[in-house]
Protein chains: 2
Amino acid sequence: MATLSVKELHRPMPDPQAAPPEKAAQGKSRPRPRTRIQARNRAAILEAALDVFSAQGFRGATVDQIAAAAGLSKPNLLYYFPSKEAIHAALLERLLDTWLDPLREMDAEGDPLDEILAYVRRKLEMSRAYPRESRFFANEIVQGAPRIHAVLSTDLKALVDEKAALIQGWTEAGRLAPVHPHHLIFSIWSLTQHYADFDVQLRAVLGEEDPFEAAPEFLDTLYRRMLGPT
Amino acid sequence: MATLSVKELHRPMPDPQAAPPEKAAQGKSRPRPRTRIQARNRAAILEAALDVFSAQGFRGATVDQIAAAAGLSKPNLLYYFPSKEAIHAALLERLLDTWLDPLREMDAEGDPLDEILAYVRRKLEMSRAYPRESRFFANEIVQGAPRIHAVLSTDLKALVDEKAALIQGWTEAGRLAPVHPHHLIFSIWSLTQHYADFDVQLRAVLGEEDPFEAAPEFLDTLYRRMLGPT
DNA sequence: CGTGGCTTTGACCGTTTGGTCAAATCATTA
DNA sequence: TAATGATTTGACCAAACGGTCAAAGCCACG
């Protein structure tokens, strides 16, 4: 899961549960598709829902829009998912793990500055390759995270606390310029996701220039100067 | 408009058109309230609309919600504004100028690093004092800025280009470490607005600690190290 | 105190929304 | 190929939506 090949732009992220181990015991939470048609249609629905939710937010999205985008009738869509809420929840569950992978990969054994710069690079690459996923989360959180708050204060908090402790250790060992480790992580989220979430604004301001052109070097420079040896 | 007194948290920003010069010729665009009641109710509606739009986005907000929050019946609200669109437009017009003031204040005559750090400080203060305004714009832009795109590629672009040129001049004069000026400005938007737009997430991760506690020093340090003399 | 304009409201309208259901169609396999 | 379960659909529903309207209430001023 380390390197992201980005031949496919604006495509759904690789499904962590695609091609499951044969005869895998069926987990309670996500009913495994029993047929080809189910697999195809459930995938099409989630793909369409990502389009619509990321562009309109939960309340702004309509079941009809999602059904149309998936090439299904509304009752047919509701044959696969019991409600709009359920589609959103399924999407959330599927995306969240992959979304946090770049942070999980930060390695205690690596060189501190390299690890952080690599995290920034991975996260920026996510914004470039998966802007819909970024906007999906942005919509949810800007509007108060009503459907995701529990996960944030448990799983996400645990992961961030762990990595913050790691960073803290690095700075205490003098291997990194001192910073507030949590806010360092926040700054990486902020700076990288901004390129996805505020894409239209950046393009409106830049005109012809693609925001993602200068972004990698800019962020690399920023964090090198901020964290590196003087 | 330079210093922001923040005694009132989560209150609407000062209306640039409040207390207009006596007998001012009435501009075409915004009908000046003729009566006390109009002034009070229009203000209450915009205040309520800011609450609702910033929390739900345009499509997610309903006229009934806004009316209820303003303490009016729906037909009564629609006596003051012809449509939901019109409320949103009025709010946008009222907020935009004030929202861009911190950037306008960046002064070519000042010390480069001081000017940028002061801009960061003002912008962060805006996020702290006016998070609803920040989320109002965030909702709009994440969802593709359908109601604001024209302004971005004209007014905003012009302002940013001007300030970017100023920064470019500073770095060429060797008074600032070299950076891509546009991306520098983007980074300031990103880092400061993140504290408003993603507030729930930051609080979920931090637990007790207030995100705004360590933010000023963190950002100050970041930009000092990035832009200052080694 | 009465009149004219400003304000408020209950009732209403057509449309959109999330969701249901029974019936029809399709695909698979015995 | 016949039967059975999976899939699809048109018709429908109640609630919510943005917005309208005529009538009623209220207020300021002569």
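Quick note on labels: first sequence line is chain A, next is B, and so on, each numbered from 1.
- L78(B) comes within contact range of at least one nucleobase, with a heavy-atom separation under 4.0 Å.
- Using a 3.5 Å distance cut-off with no hydrogens or angles, the side chains of T192(B) and S127(B) do not pair a donor with an acceptor.
- Salt bridge E47(B)/R132(B): present, at least one basic N to carboxylate O contact under 4.0 Å.
- At a cut-off of 3.5 angstrom, the base of dG19(C) holds no donor-acceptor pair with the side chain of K84(A).
- The existence of a salt bridge linking D107(A) and K163(A) is excluded, since no basic side-chain nitrogen approaches an acidic carboxylate oxygen closer than 4.0 Å.
- The stretch residues 58-69 of chain B comes close to DNA chain C through R59(B), each having a heavy atom under 4.0 Å from the strand.
- Distance Q38(A) CD to dC26(C) C1': 15 Å, rounded to the nearest Å.
- Looking at R59(B), its side chain does come within 3.5 Å of a backbone N or O of G60(A) through a donor-acceptor pair.
- A close approach under 4.0 Å does not occur between any side-chain nitrogen or oxygen of N41(B) and OP1 or OP2 of dC6(C).
- Put simply, S83(A) has no side-chain N or O that comes within less than 4.0 Å of OP1 or OP2 on dG18(C).
- Positionally, the nearest nucleotide of DNA chain D for I37(A) lies more toward the 5' end than for the other of I37(A) and K74(B).
- The shortest distance between the side-chain N/O atoms of N76(B) and the OP1/OP2 oxygens of dT9(C) is below 4.0 Å.
- Panel note: side chain N139(A), backbone S54(A); a donor-acceptor pair is recorded below 3.5 Å.
- As a whole-Å value, the separation of I87(A) CD1 from dG19(C) P is 8 Å.
- Using a 4.0 Å cut-off between a side-chain N of Lys or Arg and a carboxylate O of Asp or Glu, E125(A) and R122(A) do not qualify as a salt bridge.
- Annotation: proximity of residues 142-150 of chain B to DNA chain D (heavy atom, distance under 4.0 Å) is found for no residue.
- Across the protein-nucleic acid pair, R36(B) atom CZ and dT8(C) atom P stand 14 Å apart, rounded to whole Å.
- Close approach of DNA chain D to chain B, defined as any atom under 4.0 Å from a non-hydrogen atom of the protein, starts and stops at dC17(D) to dC21(D).
- Between F53(B) and H88(B), the distance separating the two ring centers is shorter than 6.0 angstrom.
- Taking the six-membered ring wherever Trp is involved, the centroid distance between the rings of F198(B) and W189(A) does not fall below 6.0 Å.
- The side chain of Y80(B) contributes an N or O atom lying less than 4.0 Å from OP1 or OP2 of dT8(C).
- With hydrogens and angles ignored, the 3.5 Å screen pairs no side-chain donor or acceptor of E209(A) with any backbone N or O of L206(A).
- For the pair R40(A) CZ and dC26(C) C1', the interatomic distance rounds to 12 Å; values are reported in whole Å.
- Between the side chains of S134(A) and Y195(A), no donor-acceptor pair of N or O atoms lies under 3.5 Å.
- In this structure, F218(B) has its ring center at least 6.0 angstrom away from the ring center of H182(A).
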